[in-house]
2 protein chains.
Amino acid sequence: MQPIRTDTAEDFARRAQVMKALGHPSRLRLVDELSRGERCVCDLTQVIGHDMSTVSKHLRVLRKAGIVVDDKRGLQVFYRLKVPCVLNFFHCVDAVLDAR
Amino acid sequence: MQPIRTDTAEDFARRAQVMKALGHPSRLRLVDELSRGERCVCDLTQVIGHDMSTVSKHLRVLRKAGIVVDDKRGLQVFYRLKVPCVLNFFHCVDAVLDAR
DNA sequence: CCCATATTTGGTCATATTGCCAAATAACGA
DNA sequence: TCGTTATTTGGCAATATGACCAAATATGGG
């Protein structure tokens, strides 16, 4: 049972929300880091090199887009990719960049 | 000879630029329309339903990202997809949306 | 219960985005 | 060359974004 693709204005708005979530260097870096496994916010903050509050807000954007999920264990919150196919985007994006 | 993927800050910034270009409902709609073939700005303006100047600026964003190319023939400017793999994004984006 | 730690939330500020309109530019035809 | 058509450009106003800091909110340990 595959989903039926529709093309209403809302459909494109929802899709754009997902793409937009990936349209920031820090958030792309977060997705790349999470491709290697689950990470806590503290680790991700090190990777990004910005304030933890800033990283937390980037993670919220990714979570609301449906790209990552969080899991609180003790004091830490661990994030991981929800839908791994977003990693395929990197291939095509690099193809776009190579072609220009 | 495949390109070597590097992960500098600039690499992520460039990738994010491509994703960001796709992170707007009108621009996603433009890509979708161009997936069915080359189109002039006048046709695309009809599809989007905004001012032609607005559509022209969206097309410039896509062009600068390396996603589309333009071809002026007479009075009209025709746009087409430069790297078709961006169409694969739709599948995964819809998977993300279905999962949330 | 109190303290330390991890994370989120709220506020603020600077900057970027996106829409429209008007004007500039380019190309064709009479 | 003049007028028409297609497109781009520049400017403006409203809104959104992203960074920081400070404060609020868990949670676990002693």
Side-chain angles (χ1 to χ4, degrees), chain A residues 9-10 12-34 37-80 82, chain B residues 9-10 12-34 37-80 82:
Chain A
E10 292 74 27
F12 279 103
R14 273 186 287 270
R15 289 178 191 129
Q17 190 198 350
V18 175
M19 299 303 292
K20 192 175 182 178
L22 296 169
H24 187 283
S26 296
R27 292 194 295 266
L28 264 193
R29 178 87 78 172
L30 287 169
V31 168
D32 179 66
E33 182 63 21
L34 293 176
E38 170 179 88
R39 296 284 187 276
C40 66
V41 179
C42 47
D43 285 347
L44 294 170
T45 298
Q46 298 288 337
V47 172
I48 298 301
H50 279 154
D51 199 89
M52 184 181 274
S53 67
T54 299
V55 173
S56 177
K57 284 174 183 175
H58 280 310
L59 288 166
R60 180 172 54 192
V61 172
L62 291 171
R63 183 163 22 87
K64 291 179 81 172
I67 295 167
V68 303
V69 287
D70 62 336
D71 180 21
K72 181 159 197 167
R73 295 202 295 275
L75 277 181
Q76 298 179 317
V77 178
F78 290 88
Y79 280 85
R80 64 174 183 279
K82 188 178 184 188
Chain B
E10 292 74 29
F12 279 104
R14 272 186 287 269
R15 290 178 191 127
Q17 189 199 351
V18 175
M19 299 304 290
K20 192 174 182 179
L22 296 169
H24 187 283
S26 296
R27 292 195 293 265
L28 265 193
R29 178 86 78 172
L30 287 169
V31 169
D32 178 66
E33 181 63 22
L34 293 176
E38 170 178 88
R39 297 283 188 275
C40 66
V41 179
C42 48
D43 285 347
L44 294 170
T45 298
Q46 299 287 338
V47 171
I48 299 302
H50 279 156
D51 199 89
M52 183 181 276
S53 67
T54 299
V55 174
S56 176
K57 283 174 182 175
H58 280 309
L59 288 166
R60 179 171 55 192
V61 172
L62 291 172
R63 184 163 21 87
K64 291 179 80 172
I67 296 167
V68 303
V69 288
D70 62 336
D71 181 19
K72 181 157 197 169
R73 295 202 295 274
L75 277 180
Q76 297 179 319
V77 178
F78 290 88
Y79 280 85
R80 64 174 183 277
K82 187 178 183 186

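Quick note on labels: first sequence line is chain A, next is B, and so on, each numbered from 1. Both backbone and side-chain heavy atoms feed into the values below; hydrogens, waters and symmetry mates do not.
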query: To the nearest 0.5 Å, what is the distance between CG (L59(B)) and OG (S26(B))?
result: 10.0 Å
field: Candidate pair V18(A) and R14(A), rule side chain to side chain contact (heavy atoms under 4.5 Å, CB included), full reasoning
entry: CA-CA 7 Å; V18(A) 175; R14(A) 273 186 287 270; over 6 Å; no
Contacts under 3.5 Å, N or O only, protein and nucleotides 15-17 of chain D:
from    : atom 1 : to     : atom 2 : distance (Å)
dT17(D) : OP1    : K20(A) : NZ     : 2.8

message: Ring of Y79(A), cation from R63(A) - is the NZ or CZ under 6.0 Å from the centre and inside 45° of the axis?
response: no
Verdict with supporting geometry, R73(A) and E38(A), side chain to side chain contact (heavy atoms under 4.5 Å, CB included): CA-CA 12 Å; R73(A) 295 202 295 275; E38(A) 170 179 88; 2.8 Å; yes
query: Does OP1 or OP2 of dA6(C) have a side-chain N or O of Y79(A) closer than 4.0 Å?
result: no
query: Please give, in whole Å, the distance from dG19(C) P to L59(B) CG?
result: 12 Å
message: If I compare all heavy atoms of P25(B) with all of A13(A), which pair ends up nearest, and what's the gap?
response: CG-CA, 3.9 Å
query: What is the distance, rounded to the nearest whole Å, between atom CZ of R39(A) and atom C1' of dA6(C)?
result: 18 Å
- line: Separation of dT17(C) atom C1' from Q17(A) atom CD, nearest Å, is 17 Å
message: If I take atom CZ in residue F78(B) and atom C1' in nucleotide dT8(D), what distance separates them, rounded to the nearest angstrom?
response: 17 Å
message: Can you tell me if H58(B) touches the phosphate of dT17(C), counting only side-chain N or O atoms and a distance under 4.0 Å to OP1 or OP2?
response: no
task: Specify the separation, in whole Å, of atom NZ of K64(A) and atom C1' of dT9(C).
output: 13 Å
field: Spacing between D70(B) atom CG and dA6(D) atom P, to the nearest angstrom
entry: 17 Å
- prompt: What residues in residues 44-57 of chain A put a non-hydrogen atom under 4.0 Å from any atom of DNA chain C?
  reply: M52(A), S53(A), S56(A), K57(A)
query: Can you name the closest pair of heavy atoms from R80(B) and D71(B) and give their distance?
result: NH1-CB, 4.0 Å
task: Could you encode protein contacts along nucleotides 23-30 of chain D as a string, one character per nucleotide from 5' to 3', using B for base contact, S for sugar-phosphate-only contact and - for no contact, with a heavy-atom cut-off of under 4.0 Å?
output: ---BBS--
- prompt: Checking S56(A) side chain against M52(A) main chain: does a donor-acceptor pair fall under 3.5 Å?
  reply: no
message: Would V31(A) and L22(A) count as a side chain to side chain contact (heavy atoms under 4.5 Å, CB included) here? Give the steps.
response: CA-CA 8 Å; V31(A) 168; L22(A) 296 169; 3.7 Å; yes
Between C1' of dT5(C) and CG of D43(A), the distance in whole Å: 14 Å
- request: Look at the side chain of R29(B) and the backbone N and O of I48(B), then say whether any donor-acceptor pair between them is shorter than 3.5 Å.
  value: no
task: Let me know the distance between CZ of R60(B) and P of dT17(C), rounded to the nearest Å.
output: 11 Å
field: Closest non-hydrogen atom pair, G66(A) against K82(A)
entry: O-CD, 3.5 Å
- line: Correct closest heavy-atom pair for A16(B) and L28(A) would be N-CD1, 3.4 Å
